[in-house]
Amino acid sequence: MPVQVRGEVLANRRAGAYHLVSVVAPGIAEQAKPGQFVTVAVGDEPTSMLTRRAFSIYQVRPRGVFGGTVEVVFAVVGAGTAWLAARQPHDVIDLVGPLGRPFSLPKQPATCVLVGGGYGAAPLFPLAEALRARGCRIDVILGAATEDRLFGTLEAKRMSATLTVTTVDGSVGVRGMVSDVLPEVLSATGADVVYACGPMPMLRAVTAIAAAAGVPCQVAVEEQMACGIGVCMTCVLPVIGDDGVTRMVRSCVDGPVFYGERVRFDDIGTVPADAWGASDAAPVDTWPRTAAPMGRR
Amino acid sequence: MPVQVRGEVLANRRAGAYHLVSVVAPGIAEQAKPGQFVTVAVGDEPTSMLTRRAFSIYQVRPRGVFGGTVEVVFAVVGAGTAWLAARQPHDVIDLVGPLGRPFSLPKQPATCVLVGGGYGAAPLFPLAEALRARGCRIDVILGAATEDRLFGTLEAKRMSATLTVTTVDGSVGVRGMVSDVLPEVLSATGADVVYACGPMPMLRAVTAIAAAAGVPCQVAVEEQMACGIGVCMTCVLPVIGDDGVTRMVRSCVDGPVFYGERVRFDDIGTVPADAWGASDAAPVDTWPRTAAPMGRR
Amino acid sequence: MTTTGSPHTGFAVRATPRRTAAPAVDLTTQLGSVVLPNPVTTASGCAAAGRELGQFVDVSTLGAVVTKSIMLAPRAGRPTPRMAETPSGLLNGIGLQGPGIDEFLEHDLPWLAEHGARAIVSIAGSSVGEYAALAARLRGAAPVVALEVNISCPNVEDRGQVFACDPRAASAVLAAVREAADPAVPVFAKLSPDVTDIVAVATACVAAGADGLSLINTLLGLVIDTETLRPALSGVTGGLSGPAIRPVAVRCVWQVHAALPDVPIIGMGGIRSGLDALQFLLAGACAVSVGTEIFHDPSAPARIRDELAEALAARGFQRVSDVIGLAHRGGSVAEGGDSLARGDDFLGARR
Amino acid sequence: MTTTGSPHTGFAVRATPRRTAAPAVDLTTQLGSVVLPNPVTTASGCAAAGRELGQFVDVSTLGAVVTKSIMLAPRAGRPTPRMAETPSGLLNGIGLQGPGIDEFLEHDLPWLAEHGARAIVSIAGSSVGEYAALAARLRGAAPVVALEVNISCPNVEDRGQVFACDPRAASAVLAAVREAADPAVPVFAKLSPDVTDIVAVATACVAAGADGLSLINTLLGLVIDTETLRPALSGVTGGLSGPAIRPVAVRCVWQVHAALPDVPIIGMGGIRSGLDALQFLLAGACAVSVGTEIFHDPSAPARIRDELAEALAARGFQRVSDVIGLAHRGGSVAEGGDSLARGDDFLGARR
Ligand SMILES: Cc1cc2nc3c(=O)[nH]c(=O)nc-3n(C[C@H](O)[C@H](O)[C@H](O)COP(=O)(O)OP(=O)(O)OC[C@H]3O[C@@H](n4cnc5c(N)ncnc54)[C@H](O)[C@@H]3O)c2cc1C
Ligand SMILES: Cc1cc2nc3c(=O)[nH]c(=O)nc-3n(C[C@H](O)[C@H](O)[C@H](O)COP(=O)(O)OP(=O)(O)OC[C@H]3O[C@@H](n4cnc5c(N)ncnc54)[C@H](O)[C@@H]3O)c2cc1C
Ligand SMILES: Cc1cc2nc3c(=O)[nH]c(=O)nc-3n(C[C@H](O)[C@H](O)[C@H](O)COP(=O)(O)O)c2cc1C
Ligand SMILES: Cc1cc2nc3c(=O)[nH]c(=O)nc-3n(C[C@H](O)[C@H](O)[C@H](O)COP(=O)(O)O)c2cc1C
Ligand code: FES
Ligand code: FES
């Protein structure tokens, strides 16, 4: 069960283009499973930024001199992450977690290919640890636009049988994208399962490649979230259920980890006409009340 | 002319119930005159607090290793001052100043009684320095609710012929209010002029006592200010002009220092019927647009 | 006074030590025929049907859980993006995604009953008939203590005109719901602030049979994404909520309470703290709903309830009912406070 | 891209290095018959008549100075307190304090002329006749380039009904002003958002002769001081401004531009940055006014003008006119931006 804690920042440091912040977060650290995330309240009170920011859990240390700690890796993209990057040791921040469904682990030792895009690499490390504890073989692919946006290559090398790195600009590793090297890695390793975390188009590509190769694939998606705890319905995407019915499901509580082939990547940003509760009628809604044309594209 | 500067905090320390913050503020420090104030933008961006906070200038050091510095004394009363109290050395804050009309100094050496209430003492110190430079005699009265809300008693003792202290709870000095001791000090010193800064009711009482004793009196008032630079008209109070006409004047640019007897203290919070532009007609305004009763008291 | 409040921002300064012992304030409040143990509820659409919130707040200790507006049929809502953060606000366009009344009755209400919560069920329709059908379906369902009629919906039978924007359409809905609903269950009309004269809409709803009013729904807003150069929400416009709209919400409560002093009001819009809740009570609300703040702080409803109790105790009030509408009346307590806050006690409070 | 914008809050991340060389963007904009050198003006009531602001900004470099609404006679305004800070907003009730048209013509306009500024003079009255008289008095006065008619005033001849809340009353004022004013000077009607249908009021004003529209005035709000337990403003209600209302303002501009695409709009409401200004242009405004942000940052109008130029350059636009109303149309630039911001370039931008 997720908890809300106010914890002290232990350290906040740079790692390439990213920041790593570790926070004392007893209750979260002990419960966290690979693929889950935390949300952080941002801005000094009275803050103008109401929605919490979500970050995948990178490292947890359930016990320690300060109690359990949680570490996340993040890129500064707007005011909230800029605020977080400016936190100093001893500053207190408000965390909620662990949230969401974690990656499922194979029951038997298996060969696992882990694919991370940019900071999407973060949740793969606790995942790799859990997989190794189950005797799995791990092969890692990390990709980013540029070298400084690769995260954790050294650590990945240490814990994997093979590490393949791609950068779009070719500054390090293979020039290109993770999807360019994935087919090769899948066949070379004889992968049993693929885990991926990264931007939506990457997850779409990875899912397609894995499906073509007949390898099951789990993806951790990233959708805009207003609440992170399942009460607001902002974070939905079309996912096919066990019953074959597409529903607009909440990525915060029903995800962020999904079986890739269940996610209707091509329909993200739409409500497919065959989705549960979709109406063919003109979209009836709570707010549009103008006679003026309001169509989006 | 006021300037806007972003300056580094040099120090931020406690003084009794107050905080003293000194900031590198070249341009402001060089121009500041006793009785003027600065405004500070509060809150980390994007801040939810739009109006700047006003503080009397306490100390200025026009030159220094860091360039000119400005120091203000403040009480934490709400979110803005709480934010300011949490600033650390090297943090940068945004100042505008010097603002407002300063105290007028006597042309000849004179005996001056300076009356300060709580943090209202702050502007009296640069004033005292300027007066001493003109050969004036200075007697100081400082009052507060409790001892920890007295500001600058030691410094005041050093620079004054006499210092009288009052506290409402009697924890130090005379039990009571500055107005209880002022008549005595006026007659004992044969004061030529009174300067006062503190809450409005204190200024009203000081003005009345000085008027009764036939001593001219200057007061620095504190009204809520949205802009501090004269563009918004929030900070007005009824003041009698040279022509005998009462106008709703802006305390930020026409004050904060006024001749006490010109301020219609009893009418603050009203628009006197004889004020310039007051209408006997029902108050016509920009915003009330409901048929529902809206009267205040 | 234990809470050093900023009257301007409504924020309690966190540094101030909190009173630890629970102050002895009678928090019960009356919404028409219903008595709630305290005035703090969740706002519709901001707490789903209570279950997820239950991880952070004991829902039985809230005044009530106001559930997400439910419609007759399941509904997929709008495409994403469905939100944009705005300064001290949130713009949302969910499109009333929900499971429909059957699943709601089967899975959601029972959970609330089991957990000792009181439910105020929000209903939404696209025709007068749909509203009435929903009210009828909810007859006798436990633990429903009131209905909230979300009339900020377009009327498909009248060129998509929003019911809440037209006194006649609004009263048609309320009359039908009042007729169809369990007579023992009070019916609240939830109004939109996006009208020229909210008192007229309120009066029409009450005349049609509404037992109370919920004020306010979101304001119609729009954010343009300056990277895509297009509206940030898939639905172009959305509903603006959060502290940004609080002064508008308090104004609506004030106006409606002034015009209809005997009609119970559930006030909402940007409540983040006990002092914010107090503003709504002083303006005339008998209860309040906490919405967007839940996204910022999932334990907010319980915290706000406690802060409100503290704030009342600190001001010398023994009962919630003592402050309802008090700002319209002034009176001795107010006068005392007045002089304090203005510094009329001379070297008092602040110095 | 030099400005790392947050599309959601509209805030430029300050840490991002600023482009130093002025980008070559044509900032001129057309308001009916008037060409302004750039689209950034001051909002009425937030820059007085320019003089005080002149200490922080060279007023000749702004698109125009929109002056505080002037009335025929001098006016003392409301008692204090006149303001309350609200979350990302400001509630004010100044009561149109001002010197009256005589003193304005004698002292204020000449200062603006001497300093090379263009003036858009805002006028306010309590009857149709007063508005017309003001417009007549301003005939031929330099440096007036336009009139802005603040119709958010109560009509003393009609039970204090606010002109802006009634299409007929609004059009009566605009017809009279258009008739009385210098024919060469465009007349803008400044509308209130507190109406059920702002397009109807806009359409009525334009039909009556308004050359353009200013959107929006403040929202009616109320803050209760939880220490005094009374309304914080002496006038009880006040006008809410600042970033809090920006989504409402952008929505109004969007709706009115969609309905009246050829009518020039001056957009305002919570503009704090160049990206905020860009939102208004994309929604359909030809120019913008900066109001409350001046109180936070007195050099804001100049800063916002520069940030806007930078933001346009960064997005590959050469002219302000290229973006006006663009968010309604989409198009190739928007599509390009779209994919970038959504991360459709795969491992691009953000990773
Ligand atoms: C489950 C999940 C896990 C994530 N893990 C990480 C991580 O490990 N490291 C990391 O750097 N980022 C991660 N993100 C993205 C991160 O949440 C956003 O970068 C961050 O919220 C941006 O906040 P901002 O204030 O800087 O930007 P702004 O753009 O100013 O944010 C404005 C609003 O948009 C939302 N938002 C903006 N970008 C995103 C985004 N990409 N995804 C979701 N919401 C967004 C914010 O939450 C906020 O509500 C994750 C997101 C989700 C949903
Ligand atoms: C000319 C002048 C000089 C001042 N000098 C000092 C000083 O030297 N030391 C000091 O401690 N304080 C001084 N004050 C008061 C100081 O500005 C307020 O205490 C401060 O603004 C409170 O901000 P806040 O955010 O903590 O409180 P909040 O109550 O949250 O502030 C909300 C709003 O109310 C305004 N406000 C609140 N209290 C006051 C007040 N007493 N006067 C004016 N505006 C207020 C704020 O500016 C803000 O707009 C001065 C005020 C003025 C006008
Ligand atoms: C994400 C979201 C969804 C909402 N859904 C509903 C709804 O289904 N029915 C309804 O009546 N109001 C709905 N509202 C409006 C809230 O109940 C409330 O009236 C409004 O948000 C103002 O309160 P707040 O500022 O505390 O959020 C919703 C608000 C938000 C933010
Ligand atoms: C203190 C203050 C005074 C104002 N006075 C006027 C006025 O005299 N005439 C007018 O048309 N609008 C007036 N306004 C409204 C502004 O011009 C503007 O429409 C509104 O504040 C929204 O813009 P903003 O959020 O940038 O301030 C005033 C606003 C403020 C804050
Ligand atoms: S973010 Fe609120 S339901 Fe998922
Ligand atoms: S504070 Fe704006 S005019 Fe004085």
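Since we're looking at a predicted model, the values are computed, not measured.
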- line: Applying side-chain contact (heavy atoms from CB on, under 4.5 Å) to D/Ala300 and not counting sequence neighbours gives D/Val290, D/Glu293, D/Asp297, D/Arg303, D/Ile304
- prompt: In terms of heavy-atom pairs under 4.5 Å with chain D, which of B/Val253, B/Thr270, B/Val236, B/Asp94 leads?
  reply: B/Val236
field: When B/Cys232, B/Pro2, B/Ala41, B/Ala275 are compared by non-hydrogen pairs under 4.5 Å with chain D, the top option
entry: B/Pro2
Rounded to the nearest 0.5 Å, what separation is found between the [atom1] atom of [X] and the [atom2] atom of [Y]?
X: D/Leu90; Y: B/Met49; atom1: CG; atom2: CE; result: 14.0 Å
X: B/Met233; Y: D/Leu96; atom1: CE; atom2: CG; result: 10.5 Å
X: B/Cys227; Y: D/Leu53; atom1: SG; atom2: CG; result: 10.0 Å

Under 4.5 Å between any side-chain heavy atoms of [X] and [Y], yes or no?
X: B/Thr47; Y: D/His296; answer: yes
X: B/Arg250; Y: D/Glu52; answer: yes
X: B/Ile229; Y: D/Phe295; answer: no
X: D/Pro243; Y: B/Leu50; answer: yes

statement: So salt bridge (Lys or Arg N to Asp or Glu O under 4.0 Å) across residues 74-93 of chain B, not counting sequence neighbours, yields A/Asp44-B/Arg87, B/Asp44-B/Arg87, B/Arg87-B/Asp91
query: Non-hydrogen atoms of chain D under 4.5 Å away: do they reach the side chain of B/Val96, the backbone, both or neither?
result: side chain
message: Please classify the contact between B/Val3 and chain D as side chain, backbone, both or neither, with a heavy-atom cut-off of under 4.5 Å.
response: backbone
- request: Select one option (side chain, backbone, both, neither) describing which atoms of D/Ser299 are under 4.5 Å from chain B's heavy atoms.
  value: both
- prompt: Is any side-chain N of the basic residue among B/Glu45 and D/Arg272 closer than 4.0 Å to the acidic one's carboxylate O?
  reply: yes
- prompt: Between D/Arg82 and B/Glu223, is there a side-chain N and carboxylate O pair less than 4.0 Å apart?
  reply: no
Backbone N/O of B/Thr51 and side chain of D/Glu85: donor-acceptor pair under 3.5 Å: yes
task: Could you check which of D/Ala49, D/Gly89, D/Gly50, D/Gly100 has the highest count of heavy-atom pairs closer than 4.5 Å to chain B?
output: D/Gly89
Which pair of heavy atoms, one from [X] and one from [Y], lies closest together, and at what distance?
X: D/Gly77; Y: B/Val271; value: O-CG2, 3.4 Å
X: B/Trp276; Y: D/Ala76; value: O-CB, 3.4 Å
X: B/Gly230; Y: D/Ala48; value: O-CB, 4.3 Å

message: Using the rule given for side-chain contact (heavy atoms from CB on, under 4.5 Å), can you reason through D/Thr80 versus B/Thr234, listing the C-alpha separation, both sets of side-chain angles and the distance that settles it, and then say yes or no?
response: CA-CA 7 Å; D/Thr80 53; B/Thr234 52; over 6 Å; no
message: Go through it in stages, so that I can follow the logic: the residues are D/Gln55 and B/Gln4, the test is side-chain contact (heavy atoms from CB on, under 4.5 Å), and I'd like the CA-CA distance, side-chain angles, deciding distance and then a yes or no.
response: CA-CA 10 Å; D/Gln55 301 174 112; B/Gln4 181 175 16; over 6 Å; no
